[in-house]
Each structure stands twice: as structure tokens, then as C-alpha cells.
Amino acid sequence: MSSESSGSGSAGAEGAAGGDAPADRAGVAADGAAGSSRDAKAAKIRELMRTEGPAVAENTKGFNAGRYESVGRLDDYEELKERARAIKEDAIERLPELLDEVTATVEANGGTVYLAEDAADANRYVEEVVHANDADRVVKSKSMTSEEIEVNEALEAEGIDVVETDLGEWVLQVADESPSHIVAPAIHKSREAIAELFNERFDPDEELETAEELTAFARERLMELIEGADVGMTGANFVTADTGTLALVTSEGNARKSAVVPDTHVAVAGVEKVIPSVEDLAPFAELIGRSGTGQDITSYLSLLTPPVDSPTMDFDDPEAAMGDADDREFHLVLIDNGRLAMREDEQLKETLYCIRCSACSNTCANFQHVGGHAFGGETYSGGIATGWEAGIEGLDTAAEFNDLCTGCSRCVEACPVGIDIPWINTVVRDRVNRGESDRFGGFDSLVEGLTPDAEPGGIDLGKRLFGNFETVAKLGSVFAPVSNWVAGTRPAKVAMGRLLGIDPRRDLPAFERETLVDWFRDRGGCRVGPVDAEREAVVYPDVYTNHVDVARGKATVRALEALGVHVRVPTVRSSGRAPLSQGMIATAEDHAHDVYAALAEHVDAGRDVVVIEPSDLAMFRREYEHFLAPQAYERLADASYEVLEYVYGLVENGADPDALAAPATERAAKVAYHSHCQQRTLGLAGHTEAVLSELGYDVVTSDVECCGMAGSFGYKADYYELSVQVGGDLRDQFTTDETRSRRVVASGTSCLEQLDSLLDRSSTHPVELIAPDG
Amino acid sequence: MTATAGADAGAVETFAASLDRLDVELTRTAPADLGATLETVASDPAVGARLPFDGVALPEWVRLDPTPAEVQAARTGISPAVLAVADYGSVVLPSTDDAAEPVSLFPERHVPVVRASDVVAGMPEAFATLGPRLREDRGSFVLATGPSATADMGALVRGAHGPREVHVVLLEDGPSTAVDPGLDGTVVDGTETAGADGTDADDADDADDRGGDGA
């Protein structure tokens, strides 16, 4: 836990978002509203980074590191994930049938099932149960679903005392705050802040200070409240249709007490929690704790098949024998609240596989610095929250935080059920863009010429500009160096800030007048003839390499030539990564078709496709699955390689590594390497390390999840400070005693830009180290 | 569960190692010595739930069928575990009509008693046993792994709403009334194998138990 005080934590968490520009405002007014909305968002993020950031960062990074260690101890981690995924896919597919089955099972067990259409319906039913039991107090164990329906507020309005018994939830109830994390709700509060809260609120005889004292105090106080409760409420992590068993993943023991002490048990669960059988719980039992808090397993996995067999406990007459288990009453409230519609939505459906483990929050570099009060909606937080909030609350709620997902994809491999969380975020962003197309109406003309996209008129101008970066880059090269001077002037920066939301503290890319394609053509093509060549390859001229960092493209050509590869550098359209990251799916798809058309013949001719920019390779290997026919997607994905992955493969297959450049001096051999987030998700960081080591380099690799730049993200005024804060972790790793004099090497364009701005020394793509001089 | 042919020695050793990692004490005992063993691991007052193992019973000083007040006041709760999961050091505690659930939950020390022959290797084996059993009798179980814990107050604390300490007693051979040639016949009595010095060896469990009560 953090030793720094995080303050009260609640300030600035709510209410600062605002900024919704009325659709009918036109002209400059709309621009002004967009600007002030950005300012408000930036201010909210700044405040949360200051107040809650330190505690959130320390805890989430701890969970994340624990996850790596814990899943590393599993021999069959990937198999377990596949099995877990298959179970959820099957369960959601057969959901109507499973709901019928679980209803029949629970009723046969002696319980009652209520399928609630929405939150109000669920709360009405719970109120009825509480009133029918003449209950004055309900004790609850932690349940995000109960947060979603806001049952506490509903019951309190009826005069019922509702007590959260999970210690973290109770802290928040006392502080009147909302959870900032789906598993550890009070993650944003430090021990010091909790002690201050308790001492002030409860005025104990002796001031509380240590975690032990705080825990003992809470336990004692909550036990009294549990003893006098008439109804116990729990959630459920899973509900098995074959037996009507609730699986509850907990550590404190409060859920056990909440279920066993009061005679009446009400469980609330989303309909998606139902799985077919008890045996299906096995992979989840192994995965959920590891994925979330990095524990191999939590203290308790309760398998309750209510009404339970335990005798009732009447603490009003504690000396009397325990009562009859037959007096127990059980109600299972299964909640739809948008889920059945999500099931019909091909894009949002995957959200329903979520087991609420929090891995996507903990592994997310942005979440680590702002927490769920910024990166979250009404109830849910972290990457998957976009899916939940879009499905349950609607697009407006999802839109408020969706941009915090940069698409880095680190959560994809962390997710125990393999949900493509960045894709869900992209889909929602696309829908938000389309839904908002009226808002900025009339302003398109300003960037119209720069944005030959397939989007409907009027999405956020900055998004549209970044989404069409290829066109911007082409013009930039044509007019370089004048375009660079203009872009660097203060008036231009101010204008870009106001209209496009680009933060003036960022330097914009400087365009080269001679593109990689031009250079390659003008030098007379490849120096290795096709007849002599071992292999033939196409170097994909991604937009950044082609127009901005041409040097790494040249180095790639030279390195491949040195290894006996016949190289071609054709003109190919940009991958569509830029528009996709802005949620412009139709435009990205358009790019995908053009790219495939341009590369298909090369692939047919047996040529490999070598990609320098990892985010573009990730398009070919991951996102193109959504855009291309299955066979086309597989052909391109199979033929494509990250450049160092390709070099690694060539050397493994007999190419002579001595043809590449080895470090000239011992000092030059020491490098600090930052792999790219999407490259890591593709499992390709190791290839760069291996090639560098083979050539005699001594490599230290960063272990941050993301550099924080993430394409256009770090350029945007609303997110600039967060981007720099996230980058601070990387800066810290590269300025230690061991690393500070090492040469900095990074694979991604964004990472290189971020590193250049974070460090005093410049950074290089690894291919530039290994390419022989040309 | 029926009396089984014998214990899987590998699984039992794995179980012991897992408990050691969790800093949970383990005492192995012959069924005939259970009473004496419990005297060494339980503090008074002790409450208990009946052991469903043939020929084995809790000693008289353990209060059975306790009242709510007795459960609250007890320092030790002794209850049966019908399975143990070697890989995780988990014990599977049934809910019973003689209050095994509160007995295992309220007192600060919990002593689960499990037969060596009921130690299974991993989760798939555990759920393969629990599935048919739950479909048959619709009972309730808790897979309990170590003591209750929380990190919600800013640091890991053992002993949240549930027990602070767990001390597993392993019945080393079959029921004393049964003659089982499948066993190696060696009775290991009352040896404590767990790391009793209270130092935590490695592990993620200590560093990262913030909350985790999630549904």
C-alpha cells in the first residue's frame, strides 16, 4: 500500500465532466464548447492523478505484477483460459435455456427465482422481500451488480438500514464514495486516509492507526450489525444451472456470514453469471484470483446451494440452540438490465463473458494512474467497462471515459476469457462518433481536404485529423520542410490546440521530403538480385516510416539485403491503424481492403511482408480479422513479420549474423530496450532481445505495460498530462544507475516519440543498430 | 464420500507443501490419536461439528451443536473437510445441519480435519467429485484456503471476518475400523511439518491481497 497520503479522494471525482455541447450550437461556439470540455476533462484527470493516483498506482501495479507471477506458476494457463472462454461462449449461446434450467433447479431446491427486467424491477422485488420479512436491516457482501442497480439507495429510501460488510465497501459507505476498482473498491484510499476517516467519524477511545487496528475495529462493529440483520444480500460470481449453486469468490469471510446469519438470503446476479454445471467452475477457480489480485486463489470460494443446510442463528436469543434450517428463505434475483440485448449485439456480446476479475484494469497503464473514478462509468471501471456501460447505461455514459483506452491491447492477454477489449472500445467509439455526428456539424470543411475518410460528417475534428494521418503525412512530405516550420510556429500550435485538441506542449512529427518509397526507387531498387536471393520480401512502408522516420526504413532495407533477401518497397496504403484508433471503423476497413489488394499478389508470389511498425503488424495479425474474408486475413497474417522477428527467423534458418552490425565498443553494446505494447501482445518482444543478444548487445528491457503515448493519445490536450505521467514509469526505468547511460532502443513510433520527449538522450529503432552502414 | 482405497502419497506431500507456503500449520495423526492431537492444536473453548468419517469422533471437550453465543465465544472451531486440494492447500468444508459453517467461520482458529485419502491433486479432480455430489444432495461447501484476510485497510491483515489462523489435521490412514492393505501401514503421528516460525516465504498472497471479495 501507498505510504503517501492520497487525500480524501472524493474531490474532483464527480461532476467535472460536463461539457456536452448542445447539438444546435453552430460555428465558433461549438469549437469553444469542445475546447472547454477538453479543459474540464484534463482538469478532472489532473486532480485524480494527484489525489487518488498514488494509491491506485501502487495497488494496481502490485496486482499486475502478482498476476504475472501467479499465472507463471500454472503449467496449463493457456489451456485454462481457452476452457474458460469456451464455457462462457457456450453459456451465453444457450442462455435462455440455462435460465429456464436454473429457475427450475433453484425452485426445486426450495428457493425463488425472479428475472428482473431492469434495475427498478429488481429493486422493487428486493423491497418486497425485505418488507415481507419485516426487516429493518440488510447486510450485504460486495456485489458490483448490486452497485449497478443501486439497491442500497432504493432500500434506504424505504427506511431500511443497509450495511456493506466487505471492509473496502464499508469504508466507501462511511466516506460516501463510489468504488474505484471492481474488485478492490477502496483501492484509491490509503491506510492513512482510512484511519483519518474512522477516527473522525467514530471517535474511538484509542486512535486507530495500523491496518490491524482498523480491521479489528471494522470487524467488531460489522459483526454487531450482522447479528441484528434480518436479510443478507450477496452477489454471485457464477451460478450453476445444474444445481442452483452460487459460487462466491471472497477473502474476508463476510459473504459467508451474510449468507449464514440472517434467515433470508437474497442473491443478485446478472443473467450472464449462469453457467451449465459445477464442473465448469474448475478453470475459473484457478483463474479468477490469479488474474485479478495475483493470488493463486482467494481465501474462500463458497459454493452455496441455498436455502443452505446450516441452522439459523438468532442473536436476539444467543443462549438458545440454533434454529431449524427449514426456516431459511432464498431469493435469486437474476438481472437483465440490458444484458439480453447485449447478447443480440454481435459486437457487445463478448462483454458478457467477463468474469469481473479486474485484470484489464490492473494491466492498463492509464488505469494505473487515474483509477476507476476517471476510467469508469456509473458502475464499472477499466477497459471492459466500456462494454458494460454501453450495454447497461448507454453510449453517453461509455463515451465519457472510452477515450482512455488507447488500444494498447495489453489487457487482451491478461483477460482470462480472452475478450478483445480494445475492439469493444473501438466499436463503442465508432458508435459514439456516429451518434455525435450532429454536434460539430458545419466544421468539417476545416479539415475536409485532409480527411478523405469513409465516416459520416462531423465527428470530432481532432479525431478525424488523426484518423487521416496518412493524408496529412503525404502533404507534409510534399511541403517539407516548410510544413514542419509552419507546424512548429506558435500561431499554428495555438490553432491546432483550439480546433483539433492537440496539446501545444507536444512537438509534431517532422516530415521528410524524400519518402522511403522514393529513396528506394531512386537508389535503383534492391542491391540483392532476385536470382541470388534466399528469400524475397516486401518492406511495408507504413506511413510513419515512409514520411517521418525514413531512416529506420532504409536501415531495414540494408539489414535485409545483408542477410541475402531480395527486397521490394512498393507503395501501399496505410494500414488503417490511425483511423481505427479514433473509432473510424468504416475508414479502417477501407484501408484494409486496399492494403490486402496491394499485398496479395506479393503474398501469392511467396514474398514475405516485413513490417517495421508494430501497431501496423498488429492490424494485419489481429484487427484485419474483422475486415477481411477469413482466408485473406489468414494469408496476410501468416505472411507478415515484425522486422526483428524476421531477422531472427533468417538467422535461425542459416543467414549469417556477421553480415549485420555488431556493437563497435563495449559501451555501445549496452542498450535499454522498450518493446511496444502491441508487439508484446503478439509475443514478439523476445525476438528483438534475442537478435540483439546474438550480435553482442547487452539488453535491459523495460517492463512497463505501455509508454503512455499510444499513437495520437499523447498529443491530445485532454490526455497530455496523463500521457506524460504514464511515461514517467518508463523514464524512471531508463534513468536508474544501471540504465541511465545505456543507448535507448524502442520498436514503436509512438514509444520513440515519447522516449525522445521524456529523456535527454535520443532513442532509436533496433533495426538501425543492426543494419550495416549503407 | 466413501472410505477410499488409500491416499495418494504425492498429492499429500503436495498438499503439505502448499500449506507450508500459505503459512498454515499441518498436523498428521492416526485416527486413534485424533483426540490427543486436537488437544495440542485447539485452545479452549472449542466448538465443533461432527466428523462424517467412520470410527472417528471429536473428543468430549469439544462442544457440539453450539448455541450462537458459544460459537461467538469459542477460540477454536473444529469441523470436517471432505476433500483437500493439494495444488492449492485448500480444504473443502461442507455446510451441515450441525453448524459446520459457523463453527469454521466465527472462532479465531479453525481446525479442519481431513482424511489423507480425500486429498486430491487439483481443481479438476475436486470439481469432478463435487459435481455429482452437489447434483445428488444439493449441499453447500466452501473451498477454504488459508485464513480469512483483507488488504482493504491499507495492508494485508490476516483475520478479517473469519478465522485468523488455520491448522489442518490430516488423518493419515483409513478409518481405524477398516483394514486396508492398500496403505503402507506406517502411522506418522502428530508431527508438525509446517513452518512454524511465522516467516512468509515468498509469495504473492501476502503482497497482494487487497480485497478480492468480488461478485
Side-chain angles (χ1 to χ4, degrees), chain A residues 1 59 62-63 66 69-70 109 142-143 166-168 183-184 186 190-191 194 211-212 214-215 219 235-237 242-243 245 248-254 256-257 260 278-279 281-282 285-286 293-295 297-305 308-311 313 315 318-319 321-322 325 356, chain B residues 65-72 87-88 90 94-102 105-106 122-124 126-128 130-132 134-135 138-157 159-163 203-205 207-215:
Chain A
M1 243 332 269
N59 286 301
F63 294 160
E69 283 173 30
S70 180
N109 292 347
K142 180 184 162 335
S143 149
D166 172 84
L167 298 187
V183 169
S190 66
R191 177 181 58 76
I194 297 168
E212 285 76 11
L214 293 165
T215 301
R219 170 195 167 115
N237 291 84
D242 60 342
T243 61
T245 301
L248 281 163
V249 179
T250 71
S251 279
E252 294 181 358
N254 61 306
R256 296 174 65 188
K257 281 183 175 166
V260 80
V278 173
E279 285 84 345
L281 290 167
E286 301 209 60
T293 50
Q295 297 164 272
I297 193 166
T298 59
S299 300
Y300 302 124
L301 172 56
S302 292
L303 304 173
L304 300 172
T305 313
V308 296
D309 297 331
S310 291
M313 303 175 80
F315 282 93
E319 308 294 342
M322 290 198 195
R356 318 263 179 96
Chain B
D65 300 310
T67 64
E70 285 167 332
V71 167
Q72 278 282 43
D87 286 348
Y88 287 85
S90 309
S95 285
T96 62
D97 58 9
D98 68 342
E101 172 71 344
L105 182 61
F106 283 70
M123 285 299 168
F127 280 93
L130 289 170
L134 279 165
R135 280 188 289 275
R138 305 297 164 91
S140 298
F141 299 91
V142 180
L143 269 90
T145 311
S148 74
T150 186
D152 281 349
M153 297 297 169
L156 178 75
V157 177
H161 291 277
D203 43 310
D205 305 287
D208 302 320
D209 182 356
R210 173 113 189 185
D213 280 25

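We use all heavy atoms of the structure for the numbers below, so side chains are in, but hydrogens, waters and symmetry mates are not. Just so we're on the same page: letters track the sequence lines, and every chain starts at 1. Since the model is a prediction, treat every value here as computed from it, not as a measurement.
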Contacts of Asp242(A) meeting salt bridge (charged side-chain N to carboxylate O under 4.0 Å, His left out) (sequence neighbours excluded), chain-then-number -> Arg135(B)

Side chain, backbone, both or neither of [X] within contact of chain A (heavy atoms, under 4.5 Å):
X: Ala144(B); value: both
X: Pro94(B); value: neither
X: Asp65(B); value: neither
X: Thr96(B); value: backbone

Contacts of type side-chain hydrogen bond (donor to acceptor under 3.5 Å, both in side chains), residue Thr245(A), not counting sequence neighbours
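Once residues adjacent in sequence are excluded, the partners of Thr245(A) under the side-chain hydrogen bond (donor to acceptor under 3.5 Å, both in side chains) criterion are Thr243(A), Thr305(A).
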
Thr150(B) side chain to Val157(B) main-chain N or O, any donor-acceptor pair under 3.5 Å?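 No; zero donor-acceptor contacts below 3.5 Å.
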
Checking the side chain of Glu101(B) only, and the main-chain atoms of Val260(A) only, is there a donor and an acceptor separated by less than 3.5 Å?
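Checking the backbone N and O of Val260(A) against the side chain of Glu101(B), no donor-acceptor pair under 3.5 Å is found.
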
Top contributor to chain B contacts, counting heavy-atom pairs under 4.5 Å, from Ala321(A), Ser310(A), Ala325(A)
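Of Ala321(A), Ser310(A), Ala325(A), Ser310(A) has the most heavy-atom pairs under 4.5 Å with chain B.
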
- Message: I'd like to verify something: which residue of Glu212(A), Glu319(A), Lys257(A) has the highest number of heavy-atom pairs under 4.5 Å with chain B?
- Response: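 Most pairs with chain B among the choices: Lys257(A).
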
- Task: Considering non-hydrogen atoms only, spot the tightest contact between Pro124(B) and Glu286(A) and give its length.
- Result: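 Of all heavy-atom pairs spanning Pro124(B) and Glu286(A), the closest is CD-OE2, 3.7 Å.
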
Choice from [options] maximising heavy atom contacts with chain A below 4.5 Å:
options: Gly159(B), Pro163(B), Pro68(B); result: Pro68(B)
options: Gly122(B), Ser90(B), Pro102(B), Ala128(B); result: Pro102(B)
options: Ala126(B), Gly139(B), Pro132(B); result: Gly139(B)

### Message
Any heavy-atom pair between the side chains of Met123(B) and Leu143(B) that's under 4.5 Å?
### Response
yes

Quick one, Asn237(A) and Arg356(A) - any side-chain contact, counting heavy atoms below 4.5 Å?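 Asn237(A) vs Arg356(A): side chains apart.
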
